[in-house]
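Notes for the one structure printed next.
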Amino acid sequence: MAYTVPRPKLTLAEKFYLPQVVAGLLITWKHFKNMLLGRTKIIMQYPEEKWDASMPSYYRGAPTLVRDEHGRERCVACQLCEFICPPRAIRIKPGEIPPASKWAKVEKYPEEFDIDMIRCIYCGLCEEVCPEQAIFLRKDYAITGLSRSEMIHNKAKLYELGGVMDGVVNKWNPKK
Amino acid sequence: MSPLFFWIFSLLMLGFAASVVLNRNPVASALSLVVSFLGLAALYVSLDAYFIGTIQVLVYAGAVMVLFLFIIMLLDLKAEQRRKLNIAVTAGGVIVTLGFVAQLIHVLHRLPIGNQPFSALPAPLDDVRNVGTTLFSAYNLPFQVVGVLLLVASIGVIVLSKRELK
Amino acid sequence: MMNALASLDWFLIATSLAKTVFLLFLVVLPMVSYTVYAERRVSALIQDRLGPNRVGFPTTLLGLKTDISPFLGGLGQPIADAVKLLLKEDFTPAHVKKFYYWIAPGLGIAAVIVTLAVIPFGSSFLGVPMVIANVNVGPLFIFAISSLSVYGIVLAGWSANSKYPFLGGIRSSSQMISYELALGLSVVPLFLILGRLNLPEIVQYQVKNGWLLLPFTDGKLTLKEVLLWIPVFISFVIFTISLFAETNRLPFDLPECETELVAGYHTEYSSMKFALFFLGEYAAMIAGSSLVVTMFLGGWHLPFIPDGANQGGLDFLHAVPAWIWGIVNITVFFGKVAALLFFFIWVRWTLPRFRYDQLMRLGWIYFFEIAFINVILTAGILAFFPN
């Protein structure tokens with residue numbers, strides 16, 4: 001059904017428009033004056049002041065790799081994140097854990113793990129899909145660089161950004 | 001005013017007036033006409049007739065030619081550019097023009113006033129005031145008649161363009 | 001030929017050139033770039049932001065200890081912007097009509113700059129009157145030349161050979177033609193009152209009889225002056241609002257409204273050619289403001305301040321050399337212009353854009369008619385109070 005938007009009845013002053021213009025100018029003048037005299041205090045001078053302290057716990061910044069509390073890497077190079085990543089920012093080169101090793105049952109580890117931060121869209125699908133809780137979106141939001149190669153985070157960089165995350169991980173459980 | 005300026009501006013005017021006719025592209029023709037008008041205005045100004053010069057720019061270059069250019073651009077005339085030069089018509093046009101110019105030169109030479117220089121005008125000439133007083137005293141009736149004529153014309157245009165709305 | 005050269009007044013030519021260079025390169029063009037800066041700062045302050053406040057002058061490059069970031073900061077921004085615009089790639093798209101595409105920006109800005117020639121931007125300085133061309137058709141000259149600036153826009157829109165610029169060009173030119181009528185007609189009452197079209201003389205009249213908009217320096221008020229103030233005020237309002245439309249400023253910036261036309265007639269332009277349009281737009285604001293200041297706000301005159309020949313003003317101020325007052329007059333003039341420019345910016349960041357039919361109705365139905373009635377009203381008052 002068609003809905004007719006009721007037109008407001010305009011008073012004479014509103015029809016004449018110029019008084020309304022003056023009223024608008026007064027409003028903007030108030031803002032201008034308060035800002036000029038420093039009475040409006042809602043500004044954060046960004047690079048000097050940062051909002052890190054007031055950042056919420058659920059903030060999704062750059063994706064990173066994390067180690068467990070013993071300093072061991074969690075990633076098993078299953079490549080699920082590589083497959084789900086919508087902009088295809090992740091590239092993993094899996095390596096084989098030698099059969100002689102104590103952890104031969106894990107089979108794979110990431111030899112190389114690159115995230116192209118030019119491509120990354122911070123969607124968080126990699127974090128969601130990871131079966132080992134190895135990849136997390138941390139709070140780094142100012143990812144900058146002077147060249148394209150600088151913007152590709154390699155494994156070392158990802159671990160540096162990620163740090164340690166506590167919690168049970170199936171991979172390092174000998175009984176499973 | 002220096003005769004130097006007279007030559008500069010009259011050559012400018014004539015050159016661009018010729019290019020109005022010679023150009024095949026309507027936009028180029030229209031713009032040449034604008035420059036020609038500006039040259040004419042500059043000639044008026046060099047004769048200390050500031051008012052006429054300014055009105056020349058304001059009315060012809062600023063209003064009439066803008067509308068011309070407008071129409072030309074909206075119509076996007078391509079046919080004129082493609083048309084071949086008709087030699088017979090061109091030759092006829094050149095002959096008529098040359099005949100007219102020859103006649104003009106002949107007549108002007110025979111006029112006694114054409115051979116003597118103008119006496120210098122009194123230095124600061126208030127031409128706006130002069131034009132105004134002349135128009136509203138000596139030529140008041142023709143001026144009013146022209147005004148009524150323009151009014152009739154503009155009403156006519158409005159009536160013609162509104163007719164389809166009925 | 002030698003005769004022709006000798007007949008020229010070389011002193012006049014030299015002083016005119018000096019005035020042109022001073023006005024254009026030392027005042028108007030820097031003023032344009034700092035108007036752009038002011039636009040950004042004022043808009044930011046109105047919207048509770050700070051605006052560009054970073055770019056100082058990198059004096060560390062010259063070996064000094066610290067960079068200078070003056071007063072509010074960001075004063076280096078216009079210079080950085082100018083360098084950026086000059087160094088950007090000047091790209092000419094393949095589909096444009098090259099010749100017209102190249103001359104359009106020049107036409108646009110040249111017309112605006114020529115109008116500055118008849119503005120009296122000061123009283124006199126060392127005996128030289130501070131106006132480049134003292135003609136007796138000043139305002140008409142300005143209207144005539146500024147009506148030529150339509151060509152730049154029309155040609156830019158047409159030669160770009162693409163939809164949005166074309167629509168922008170057409171909108172802009174029809175808008176400018178429409179508002180030229182209101183603009184020209186709205187100042188006719190002034191000429192009826194003043195009886196002259198010479199801008200320096202108009203300023204002199206205001207020095208004697210008080211600014212036209214605020215007749216207060218005169219001292220005595222007659223009924224005629226009070227009555228004449230009404231049409232003058234009406235014509236001031238119409239003239240100023242039409243000026244917004246003439247210079248394509250918000251709330252009338254339909255030719256380049258981003259939501260509908262990308263960037264209007266200069267969509268296909270880049271680098272310095274785009275900058276010329278930008279310069280032209282702001283220079284047109286300055287020229288228009290200068291005209292308003294000259295005709296309504298007393299030009300270079302400030303009460304109690306003598307002029308460049310040490311005439312008028314308070315007596316004890318005559319002890320100061322006359323050339324200082326000449327400079328003060330020039331400063332006062334550009335101070336007034338700057339105040340009007342602030343008003344332009346202030347309005348821009350207050351009012352939303354008009355619809356195109358509203359714009360046309362405002363110009364043709366309201367302003368044109370009101371200006372017309374205003375002329376008759378003024379003539380009536382002048383006829384009723386002869387002398």
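Naming convention: chains lettered A, B, ... in sequence-line order (proteins, then strands); numbering from 1 in each chain. Side-chain atoms are counted along with the backbone in the values below, which use heavy atoms only and exclude waters and symmetry mates.
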Check your understanding: Hey, what do you get for CZ (C/Phe334) to OG (C/Ser289), rounding to the nearest 0.5 Å?
Key -> 11.0 Å

Practice item. Would you please classify the geometry between the C/Phe367 ring and the C/Tyr179 ring as parallel, tilted or perpendicular, with 30° and 60° separating the classes? Key: perpendicular

Need one label for [X]: side chain, backbone, both or neither, based on atoms under 4.5 Å from any heavy atom in chain A.
X: C/Leu351; answer: side chain
X: C/Trp346; answer: both
X: C/Val237; answer: side chain

Practice item. Step by step, work out the side chain to side chain contact (heavy atoms under 4.5 Å, CB included) result for A/Glu127 and A/Cys81. Key: CA-CA 8 Å; A/Glu127 176 181 342; A/Cys81 51; over 6 Å; no

Exercise for review: Please assess C/Phe236 against C/Trp229 for the test ring-ring contact (aromatic ring centres under 6.0 Å, His included), listing each intermediate value before the final yes or no.
Suggested key: CA-CA 10 Å; C/Phe236 172 73; C/Trp229 186 79; 9.8 Å; no

Exercise for review: With A/Arg67 as the cation and A/Tyr159 as the aromatic partner, state whether NZ or CZ is under 6.0 Å from the six-membered ring centre and within 45° of the axis.
Suggested key: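 Positive - A/Arg67 is close enough to the ring of A/Tyr159 and near enough to its axis.
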
Practice item. Validate the cation-pi geometry between C/Arg171 and C/Tyr356: distance from NZ or CZ to the six-membered ring centre under 6.0 Å, angle to the ring axis within 45°. Key: yes

Point to revise | C/Trp349/C/Phe344 under ring-ring contact (aromatic ring centres under 6.0 Å, His included): CA gap, chis, key distance, verdict | key: CA-CA 9 Å; C/Trp349 298 101; C/Phe344 266 80; over 10 Å; no

Review point. Which of residues 21-35 of chain A get closer than 4.5 angstrom to chain C, counting heavy atoms alone?
Key: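 If one takes a 4.5 Å heavy-atom cut-off, the residues of residues 21-35 of chain A near chain C are A/Val21, A/Gly24, A/Leu25, A/Thr28, A/Trp29, A/His31, A/Phe32, A/Met35.
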
